[in-house]
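Letters A, B, ... mirror the listed sequences (proteins, then strands); counts begin at 1.
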Amino acid sequence: MTAIDQWVEAAARQMARRVGRRGFLSRLGRAIAGGAIVLPLLPVARGIASSVPHNASGRDPDLPGDEGDPTKCEYWRHCSIDGFLCSCCGGSQTACPPGTEMAPVSWIGTCRNPADGRDYAIWYNDCCGRGMCGRCFCNRNEGDRPIYHPYRSNDVNWCAGASSQIYHCSTALIIGLAEETQPEK
Amino acid sequence: MTAIDQWVEAAARQMARRVGRRGFLSRLGRAIAGGAIVLPLLPVARGIASSVPHNASGRDPDLPGDEGDPTKCEYWRHCSIDGFLCSCCGGSQTACPPGTEMAPVSWIGTCRNPADGRDYAIWYNDCCGRGMCGRCFCNRNEGDRPIYHPYRSNDVNWCAGASSQIYHCSTALIIGLAEETQPEK
Amino acid sequence: MFARCLIVALLVVATAAAEDVPPDDVGRSLTLPERTDHWVWLDEPLFRHAMLFDGDSGEVLGTVDQLGSLTGRHPHVSRQRGETYVMETFYARGHRGERRDFITIYDSRTLQVIGEVEIPPRTADVGHGLWLGAVLDDERFFVVFNQEPANSVSVVDLESRRFVGEITTAGCALVYPAGPRRFGMLCGNGTALLVELDEEGREKRQATSEPFFDVVTDPVTEKGVRDGDRWLFASFEGYLHAVDFSGDTPKPEAPWSLFTDAQRADDWRVGGLQHIALHRPTGRLFSVVHQGGKGTHKDAGSEIWVYDLKRRERIQVIEPPSLLGVFLRRITGIDPDSWSAWLLETLIPSPGAHSVVVTRDEKPLLFVRHRETGAAGVFDARSGEFLRYLEETGLGGAAMVVP
Amino acid sequence: MFARCLIVALLVVATAAAEDVPPDDVGRSLTLPERTDHWVWLDEPLFRHAMLFDGDSGEVLGTVDQLGSLTGRHPHVSRQRGETYVMETFYARGHRGERRDFITIYDSRTLQVIGEVEIPPRTADVGHGLWLGAVLDDERFFVVFNQEPANSVSVVDLESRRFVGEITTAGCALVYPAGPRRFGMLCGNGTALLVELDEEGREKRQATSEPFFDVVTDPVTEKGVRDGDRWLFASFEGYLHAVDFSGDTPKPEAPWSLFTDAQRADDWRVGGLQHIALHRPTGRLFSVVHQGGKGTHKDAGSEIWVYDLKRRERIQVIEPPSLLGVFLRRITGIDPDSWSAWLLETLIPSPGAHSVVVTRDEKPLLFVRHRETGAAGVFDARSGEFLRYLEETGLGGAAMVVP
């Protein structure tokens, strides 16, 4: 088992603790019974979100090198995004705007970071519970697949699992290094 | 009493019959108790509307002379309108689009008909119960007054009295000849 | 105080003499005219409605609302029942609170809401809005694709107007009607699924095809078109697949290439949104194409290529008009005959088109649409002659439905 | 099956070494930064929300929804309670079914919904969205203007978060806060009304002023600005009225002309939407003006005239930037530095502006906005220097609120 496997498992356990065993198992059970591809579950329970201080620029000061501007569609992490950039909506590329909730499931892209030349796996978690932000619309489809392959599909409203499935904007979180290179670059 | 007075009174009576004495009187009573300016009540009861065959052009073939094009903002009856023209939304200048309901109250304008050179009193009845039509937006304010003078105010959502107060588009009905001339022409 | 009402009337209205324009009747709502073959519903996600246009006149005939989802879930039509259906999602507090999903039933002639059927609150919400629901062939059952993210299908009996039940569909998505009691789906392992219903609308059986495409290297797009018992799907790399759903299991046919080697070398590629359309009487396939690399499968097309399905060859090329020009002209309110309008339409490069649909009759119209502006145009589908714009289609949207 | 999830992860993710970019935390939502004096809420009726912009950076800080009405009912703020209020209307089926109205209560720092108060379902719905609701001075009571079409006012106790009651207000409209327990209204007979509440928020007394304007020949617009105990209203013909609401009855003051005879002869006229703004510390009034005839009182202004209220004279003229150019540039996605962008901004005539607001601090910003596009710009309110655009404000809307 790799570190990320352990992390995913730990995340699932953590989530189970938060929403209570019954709720978690019933959701997981439904997914399994449905025979659907089970989606990566993030350690965020329904309606529970941490609030963090605002970082006006939307930029992450911890990132090495020149990452570029996360309010631009061309920003490297956006290689498979489809929606409004949370960086332009009062959030950042990694956090939801005030009052919105990050959904616990998402689709995945693989994008190359120009700052270190490496390929990263990106989770495009949607922020939910408020109407469309309407700013910085960005649609890039490198690696995007049709919705029968959902965890690679940016056309899906990925607010499933949030308390409201109304879509507001999309983030772009780093999961870790990717084994495959950015497709269709 | 003029003919139009009799008509207004008859209209009110007809409406009272349709919605039932209690409903009508309670609404009227509320308006009177509120001391508000009582608005002209059209002979249309809540939720009751007649459906008529579609007339594709939106033009009224009975009108004398060259009335112009009711899908244009410049059309003479629109001199005090503010909204989407029902003629562009599947209705006409005198009828609501399919599935929408004409509100029983409205604001009033006075516009000069170029076909006969006379000034007519116009009721701008809103069609309601479906979201904004979004076509042929037209805002002309000849004779428009602030909302404390409501029956001359085109800024008000005039869907009061309809089963849903969601605004779709606006019509422009002839009430009769006006004694005053078109203001601010 | 009621007298005041009369005074108000007195102030502005005098008696109408016989020769004047007579007072208008109040409280009238129109019904739709007789259906023609040239109607089209256009989704508008910002206004949250779909508008019915007459392709011959370019005029709007009516509107149905569609709330609660990312983008439009376009209307579905039962000609036999004279009804139009919209899948809707409502929250108790607008964008918050309890979610409830419904099939809203409209009278197709009056566009009045005449009924509703509550369904499980998991109706799929997908940007392109295509094949998320369908009326099955004898128009008794309506099927709804659910994604929560687990996939399933809800079945509604249109006759009794009630929810029948939910069918779990293993890793498969979308609903492609294929008979009175059957529909197809596409699956994440490169297969197609056939679902058969019994007379009550309950699951009778499911059957899976052999894998016929590779989800990673060359997936088929979800934007299929129906050809009788068969469904046609184009792959990202430009191969046309067909799946026959008439038998016990779905039967994929060998794909053929929509591009020659030379065209492929020049980077020609299918793509857009509703990017293929089929006119069955003439066996013509319309395909939105552009030049671009991998990952551009949702970009607008610069051309529409017309294929003879029998001969498997391209027989015509249609160029979409500048849909951005007409969009900008309308929203800026610039006179169409003005110098500014001409400059605008000339200056702004044509953005191409994302979607095509074609009417089913013998004198078919081809509708083309641009996703980011919602702007649309109409062609004679036989000659390829541009006929007119559909003006003021809204501010966005790509899906179109011929009712 | 859960193992499949791990496999999915395995396929795409390898172990992260120490020197790589670390994984991001998930599930985070930001809170707003410390409030500055240069924030502004902009209504957007098509997206049905209001967005909070920072006038210094031009960036968006957050959004609140606003559903169910013709145009925005902008947010109202209690600084003391740290709460933001939005009047909302919901229907059981989107645009149909039972109507319910609420004051939705947001935490001003997190923009989370923290409460709601149901009010009678008659909240006024008026295109301009201004003064339909107000927080009274000590921030205990919120008042809502109702129009059904009979006028009344609903009172909400913000401390106990409950609806107190409804006050009938004879032929008078809008709510202009004028103290902890009092507000003004404008009436259809050319008077002003003062409504006083008791400590529980119930009606204590009403008092009507002498008539001070003619509703037909020269009405005042509803777009008043507050100057302490007084409210300033401009009339259609360009006279500035003031009404003092501090006494037992509202006291209108003699109006003065915003135009010289020569300017009036040249057809200069006030108008737009939120067409006047007051900076109290410097006693400067900003007024959107244009040249036009009667009936143009809602047209965009080509200039903003700045008055010294004490001296009652014009001291400055500010010209709004071409708000249509920036709007078109953003929706067409044209590079701001490109030749096309330059041509676009140059070619399209400036549409002027409908609205102005000014911040309350010593280094005030002036925000200007164009109704049909929603586009907005920022000026230094003292020098009149243009500072920046607020980009992507939406697709329409004119109302602005300094929280």
Closest approach of Asp24(C) to Arg77(B) (non-hydrogen atoms, all atoms of both residues):
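Scanning both residues completely, I find the closest heavy atoms to be OD2-NH1, 2.9 Å.
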For the residue pair Leu30(C) and Ala95(B), what are the closest heavy atoms and their distance?
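Reported closest heavy-atom pair: CD2-CB, 3.6 Å.
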Using a cut-off of under 4.5 Å on heavy-atom pairs, state which of Gly134(B), Gly129(B), Cys127(B) scores highest against chain C.
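Highest number of pairs under 4.5 Å: Gly134(B).
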Among Pro97(B), Cys133(B), Cys86(B), which residue has the highest count of heavy-atom pairs closer than 4.5 Å to chain C?
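Ranked by heavy-atom pairs under 4.5 Å with chain C, first place is Cys133(B).
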Distance (rounded to the nearest 0.5 Å) between [X] [atom1] and [Y] [atom2]:
{"X": "Glu44(C)", "Y": "Arg135(B)", "atom1": "CD", "atom2": "CZ", "answer": "11.5 Å"}
{"X": "Thr63(C)", "Y": "Met132(B)", "atom1": "OG1", "atom2": "CE", "answer": "12.0 Å"}
{"X": "Thr100(B)", "Y": "Asp65(C)", "atom1": "OG1", "atom2": "CG", "answer": "10.5 Å"}
{"X": "Leu173(B)", "Y": "Arg28(C)", "atom1": "CG", "atom2": "CZ", "answer": "8.5 Å"}

Between Asp54(C) and chain B, which part of the residue has a heavy atom less than 4.5 Å away: side chain, backbone, both or neither?
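Nothing of Asp54(C), per the 4.5 Å heavy-atom cut-off to chain B.
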Is the shortest side-chain heavy-atom distance between Glu59(C) and Thr71(B) below 4.5 Å?
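Side-chain contact under 4.5 Å: no.
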